[in-house]
**Q** 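Below is a structure I'd like to ask you about.
Per chain, numbering begins at 1; letters A, B, ... match sequence-line order.
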There are 2 protein chains.
Amino acid sequence: MIAVSIEPGSTPPLVDRIGDGLSRVATAMRSEAWTAAEAIGLNPTQLQILTFLVARGRSGMRVKQIAAYLGVSQPTTTDSVNALLRKGLVEKQADPSDARALSVAATPQGETAVRQAGQLASATEDAIAALSKLEQQDLLTHLVKIIRRLQTAGAIPEQRMCVNCRYFRPNVYDDAKAPHHCAFVDAAFGPAELRVDCGEFEGADAAERDAAWRVFNRGAV
Amino acid sequence: MIAVSIEPGSTPPLVDRIGDGLSRVATAMRSEAWTAAEAIGLNPTQLQILTFLVARGRSGMRVKQIAAYLGVSQPTTTDSVNALLRKGLVEKQADPSDARALSVAATPQGETAVRQAGQLASATEDAIAALSKLEQQDLLTHLVKIIRRLQTAGAIPEQRMCVNCRYFRPNVYDDAKAPHHCAFVDAAFGPAELRVDCGEFEGADAAERDAAWRVFNRGAV
DNA sequence: GACAATGCATAGGAATCCTATACGAATGAT
DNA sequence: ATCATTCGTATAGGATTCCTATGCATTGTC
């Protein structure tokens, strides 16, 4: 919980005000998610699951992974997955490597639904787009740093971000606009191209990851 | 809804990746809110309402205002306010100026509960605190800009922020650390002290607000 | 004074979301 | 190899959120 200072006249700590600001933006995103989801006959949780599954492709995800991604319990996830199943937007397959496990994947209809929802107008997108390119780039960088911390603290699962990826080579070029290198696509890229959820992600081991992070973060931990 | 690119190999637009990052942080905040709220026998929505009421003081807020703040419907707010009422954490008072309206305010027990919840450890707070002071300051500034846009778009209600306040005098000093002035406390302050939800807030009219924003934002709209 | 608009409550119902538990499958220890 | 444990998921049960639609009282407007 983000603490809120309740003493009149005193300024709350900077960290709390940032948390408060994030909450306000999250509120807008949440109510926007309702309209977007309703446009395709879903609710926000179902759309979030479906979007997640579409982004992961046809290999499918396990129920537990979906639950971790959403930050809810496993039975809750089962509920919502079943709702999507009834609507024909996802399908369950047996996991060949583990007979206990399921592989939940989006159907073609599910992909279509996500495309439709993604094309709706979004006040949040507009608000972010109103920032300058440099501001957007800085904001993304700060978010990546926060997300990485949340991940190491165990508050969220491992993210498919560049800074966790074995193909990531931070700060190998002098060009400030594209100092990094992605060994998967074998191309230079910059802070504005950093990925938060990359389809080609492959996790690096802990030592590689820490080393890359130090280089990326210019030596700071 | 924040669109998510689903074509393999292509990098989603920067705006979408920022939206995605914000969602990830919001997920962590949401699941954190569960533990914090449960520690005092509430759920996240109830704690959010209670925190909001405590921040607003004993004058009380109307149901409709609470609903707008939360971004949910008015009946939903009535539900949760009644739950808090049964627990003795808020009280309803008749609004003297309008016999239809209610004034919902936190009780002393409610204030105590919010204090308790605010003192719990928070991975999100820690993650934000791990940023440098300058990064935090930039992040806050970007959030303020986004929130203002969301507000002018009608996605969220008027926020009690400096940039909306009649006491705000942006960029009146040369000192980069404290270029602004608050006419309420009659003191200089800087970007790191910008308020997102100020108790002493008083809304400026539209013309004042736009003028102040241009000065604050160095001429950009 | 008639009539629309506003503020809130209620009705009704669907869905989220939790904990606790059950069960089969996989894993590890002895 | 057997048995206990762990793991992945489903189910049971229940509280609450959250919606739309509607009703009722009050307020404002013509």
**Q** For the CG atom of B:L131 and the CG atom of B:L139, what is their distance to the nearest 0.5 Å?
**A** 6.5 Å
**Q** Do B:R24 and B:T27 have a side chain donor and acceptor closer than 3.5 Å?
**A** yes
**Q** On DNA chain C, nearest-nucleotide positions of A:Q46 versus B:R100: which is more 5'?
**A** B:R100
**Q** Under 4.0 Å, counting only non-hydrogen atoms across every strand here, what does A:D95 touch: a base, just sugar-phosphate, or nothing?
**A**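 Result for A:D95 = nothing.
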**Q** Is B:T78 close enough to C:dA9 that one of its side-chain N or O atoms is under 4.0 Å from OP1 or OP2 there?
**A** yes
**Q** Check the orientation of A:F216 and A:H180. Use parallel for under 30°, tilted for 30 to 60°, and perpendicular for over 60°.
**A** tilted
**Q** Contact class for A:S73 (heavy atom, under 4.0 Å): base, sugar-phosphate, or nothing?
**A** base
**Q** Want to settle it: does B:D79 or A:D98 sit nearer the 5' end of DNA chain D, counting the closest nucleotide to each?
**A** A:D98
**Q** So if I take every side-chain heavy atom of B:T76 and compare against D:dT26, D:dT17, C:dC8, which nucleotide ends up nearest?
**A** D:dT17
**Q** Do the side-chain N or O atoms of A:T45 get closer than 4.0 angstrom to the phosphate oxygens (OP1, OP2) of C:dT16?
**A**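 No, no such contact exists.
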**Q** Want to settle it: does A:W34 or A:M61 sit nearer the 5' end of DNA chain D, counting the closest nucleotide to each?
**A** A:M61
**Q** Is B:N43 touching bases, backbone alone, or none of the nucleic acid, heavy atoms closer than 4.0 Å?
**A**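 Result for B:N43 = sugar-phosphate.
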**Q** Between atom CG of A:D79 and atom OG1 of A:T45, what is the distance when rounded to the nearest 0.5 Å?
**A** 10.5 Å
